[in-house]
Amino acid sequence: MELKDKLVSSFFAYEGNGLDVHSPIHDICSDAIKKFDKKGFPTKKEEAWKYTSLNAVLKQNYNLYPKGDTGLEFKDVMRYFIHEIDSYKIAFVDGRYSSNLSATSHDGLDVCLMSSALSKPKYRIIIENYFNKVANTEDSLTALNTAFLKEGAFINIPKGKVVDKPIQILHFSTGKEPALMLQPRNLIVVGENAHVQIIERHQSLTDNPVLTNSVTEIFANKQAIVDYYKIQNDKQSASLIDNTYISQKRNSHAFVHTFSLGGNLTRNNLNFYHKDEHLDSTLKGITIIGDKQHVDHHTLVNHAYPNCESHQDYKGIFGDRSTGVFNGKVIVEKEAQKTNAFQQNNNILLDDKATINTKPQLEIFADDVKCSHGCTVGQLDEDALFYLRSRGIPAKEAKALLMYAFANNVLESVKIPEVKARINKLIAKKLGVNLGFEL
Amino acid sequence: MLKINNLHAGVEGKEILKGIGIEVNAGEIHAIMGPNGSGKSTLSSVIAGKEEFEVTEGNIVFEGEDLDELSPEERAHKGIFLSFQYPVEIPGVSVTNFMKTAINETRKAQGLEEMPASEMLKKIREKSELLEIDRKFLSRSLNEGFSGGEKKRNEIFQMAMLEPRLAILDETDSGLDIDALRIVANGVNRLRSKDNAVVLITHYQRLLDYIIPDFVHVLLDGKIVKSGGAELAHELEEKGYDWIKQEKVSN
């Protein structure tokens, strides 16, 4: 059976499982499966999926409902956490919450589970106000995730709360199933004047195929600061479709850094929606891949109000036969005067067989705006390489230094030093070098 | 130490060096002078092993070994240093970390252990004092936002750290004000010994007031057309390159 049919039929077979069939959430899920059933998985015929084919990934016979406790212990997976710092942790193993890997809280903030937010009356109003409110309900993959709503992280930061330590969200897959599909659903509500830092990672522990179709909704209320880091360094057998939707209110600041260093197929749909004036959005990314890896960044910033800013800076380095896509869409609506929107995408191709398709997509309907975009595709600078080699640094290390220098300004803006150090290490490992100092 | 024999080299089929012969011995300072486009920078790049240039005839022998097959880093490991006319900016890599990498990679290639951190620090302190370099400067990203003078001083600092047997300084004087020129020249003079050699590549005689060469060679259109002592540089300063060109024609 095709994956689509399997998903739709299993939705109806398990309908109501754990959820009250009379609840408004149940209606949302039912509508969502209908939408997915009608649209199906996106194909290359759609403009937004022209360069990313899901065909091969969808051919696996994924288990949708993994069972049982895996007995995974913290020491087995510690290295995937930023364990050097104290943090709140929400960890999932094969889609299920793992209490022994997690450190949740209800003390002055809620760092807990979507399932408990959905079932407990005290969260009903938050769920009603925020759940599925910024996610694009017309998007078939988002609809699919909504239909299978079950588990994920629920983070609720009340007004004025500056969260004392970062929150880490980790999704592990153990390979207990020959092939596994995961659909985590996260909801993050950041109250007025509240600050939060979040680190997210999806990690497969074996070579069994995993497909994750994740949806995260983030609400940054007035003056809120959200600082979000996505670390994507999964196994060759793991594919990720990451759909992130951010809604911003007046004077809020939202930063999303995406580090794509691994995985089979990675598609990032990162969407920002402005709901008021005087706010800013920052989207930055470093992609370094090789082999036959594929990373696709589709960003959207919807400037709907005046006096807002957006800054995008994505660096990509592609080796072997790897392929990259950057599609940066910026919409400046008629009312959004005095918008400043900047977008930069620079790429280095290390091999003749590596490709990048990069496309800025600006739709500007206001007349008093500053928008700029630039994309470059090039090779490593031969003169710079010669300079380093003439100092005794071997070609491989010299190339690594130049690639690091190329990506550096994105790394510079990482605000958690331990995250920066970790990304440094992952990059050095990816480039296969040991330079005797931390890059 | 260095023997260049009938060297012909070029890029993309275009010959730039048309039969150069020079011999440099330990303890000597040579100056290679010439107008723009005479092949000065090509010569320094070819000695350091830049792959874009092709040697079509002749060879370069360093310490008895033909350099032809050696990569730039292998040449560096053997003790050849090139100070660049236009040093490259490397954001995110501090001067200190860059030096550590360069020194330890060289030591690794020579079969030596990494330099202990304390020794490295001591050396960095010593050499930065020699070139009057501020400590803060060393934690800045390599060449990023450096002024022309700072870049050149940093090149000589790297030379001091790497202690090469043969240093080729390509237009090190260009873009330097008089104070920076004095500091750079002083650094080079202090690093001189009977075991190492320096080749200065320059358009003007200015630097040679501070670093007195043992030999001066004039490079014109890819050939050494005249060699002499330090006085040749003064003569060039006075009469310009046209004088040599005319002499060449009448010969």
Side-chain angles (χ1 to χ4, degrees), chain A residues 257 259 284 286 288 313 315 317 344 346 348 376 378-414 417 419-428 430-439, chain B residues 44-53 70-94 96-110 114-115 117 120 141-144 151 154-155 158-159 161-164 167-168 170:
Chain A
H257 283 77
F259 301 102
K284 294 196 178 193
I286 297 176
I288 305 178
D313 191 356
K315 308 286 183 204
I317 299 174
Q344 192 69 37
N346 308 101
I348 290 180
T376 61
Q379 274 95 34
L380 285 178
D381 180 354
E382 288 295 326
D383 289 333
L385 205 53
F386 174 58
Y387 180 66
L388 298 180
R389 294 176 73 187
S390 79
R391 298 295 182 262
I393 300 173
K396 188 177 172 191
E397 281 73 14
K399 281 181 187 169
L401 272 179
L402 290 182
M403 289 188 248
Y404 178 75
F406 169 76
N408 181 61
N409 61 341
V410 169
L411 214 50
E412 285 284 281
S413 60
V414 172
V419 170
K420 192 168 161 184
R422 177 65 65 88
I423 300 298
N424 267 325
K425 254 185 215 160
L426 292 176
I427 290 177
K430 186 81 193 173
L431 301 176
V433 293
N434 180 9
L435 296 161
F437 63 92
E438 254 186 25
L439 273 171
Chain B
S44 59
S45 294
V46 170
I47 299 171
K50 195 170 190 185
E51 282 153 353
E52 134 193 13
F53 295 102
L70 299 187
S71 66
E73 56 269 34
E74 285 168 322
R75 295 177 198 216
H77 299 157
K78 294 199 177 300
I80 296 176
F81 176 88
L82 170 62
S83 161
F84 278 55
Q85 188 178 356
Y86 303 107
V88 178
E89 298 188 3
I90 315 284
V93 179
S94 70
T96 303
N97 277 336
F98 176 68
M99 271 343 297
K100 280 184 195 166
T101 307
I103 286 178
N104 283 328
E105 288 294 347
T106 300
R107 290 175 68 101
K108 208 198 292 178
Q110 292 164 345
E114 284 196 358
M115 185 180 279
M120 183 77 76
S141 287
L142 184 64
N143 293 324
E144 194 185 32
K151 282 183 181 170
N154 185 250
E155 291 290 286
Q158 291 181 36
M159 171 184 132
M161 289 294 296
L162 291 164
E163 301 178 327
I168 306 157
D170 187 4

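All chains are named by letter (A, B, ...) in the order of the sequence lines, taking the proteins before the strands, and each is independently numbered beginning at 1.
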Query raised in the report: Looking at B:I90, B:T101, B:V88, which hits side-chain contact (heavy atoms from CB on, under 4.5 Å) with A:L388?
Result: B:I90

Requested in this report: With a 4.5 angstrom heavy-atom cut-off, could you sort out which part of A:L385 is near chain B: side chain, backbone, both or neither?
Outcome: neither

Requested in this report: Heavy-atom distances under 4.5 Å only: say whether A:A395 touches chain B with side chain, backbone, both or neither.
Outcome: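 Contact with chain B involves both backbone and side-chain atoms of A:A395.
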
**Report entry** Atom OH of B:Y86: over 12 foreign heavy atoms under 6.0 Å
**Finding:** no

Report task. Report, as yes or no, whether the 6.0 Å neighbourhood of atom NZ on B:K151 holds more than 12 heavy atoms from other residues, nucleotides or ligands. Result ->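 Counting other residues, nucleotides and ligands, NZ of B:K151 exceeds 12 neighbours.
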
Requested in this report: List the atom of A:S390, the atom of B:F84, and the distance in Å for their closest heavy-atom pair.
Outcome: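 Nearest pair, atom of A:S390 first, then B:F84: OG-CE1, 3.3 Å.
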
Query raised in the report: What heavy-atom pair brings B:G49 and A:F386 nearest, and what distance separates the two atoms?
Result: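 Shortest heavy-atom separation between B:G49 and A:F386 comes out as C-CE1, 3.8 Å.
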
**Report entry** Residues A:R389 and B:E51 bridged, charged N to O under 4.0 Å
**Finding:**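 Counted as a salt bridge, because a side-chain N and a carboxylate O are separated by less than 4.0 Å.
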
Query raised in the report: For B:K78, what residues pass the side-chain contact (heavy atoms from CB on, under 4.5 Å) criterion, not counting sequence neighbours?
Result: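 Testing B:K78 for side-chain contact (heavy atoms from CB on, under 4.5 Å), a comparison that skips the adjacent residues, returns B:F62, B:E65, B:L70.
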
Query raised in the report: Which atoms of B:P164 come close to chain A, meaning under 4.5 Å heavy atom to heavy atom: side chain ones, backbone ones, both, or neither?
Result: neither

Query raised in the report: Quick one: are B:E52 and A:D383 in side-chain contact, heavy atoms under 4.5 Å?
Result: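 Touching, per the 4.5 Å side-chain cut-off.
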
Requested in this report: Report the residues that fulfil side-chain hydrogen bond (donor to acceptor under 3.5 Å, both in side chains) with A:N408, sequence neighbours left out, ordered by chain and then residue number.
Outcome: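 Counting only residues at least two positions away or on another chain, A:N408 forms no side-chain hydrogen bond (donor to acceptor under 3.5 Å, both in side chains).
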
Query raised in the report: Is there a donor-acceptor contact under 3.5 Å from the side chain of A:R391 to the main chain of B:L82?
Result: yes

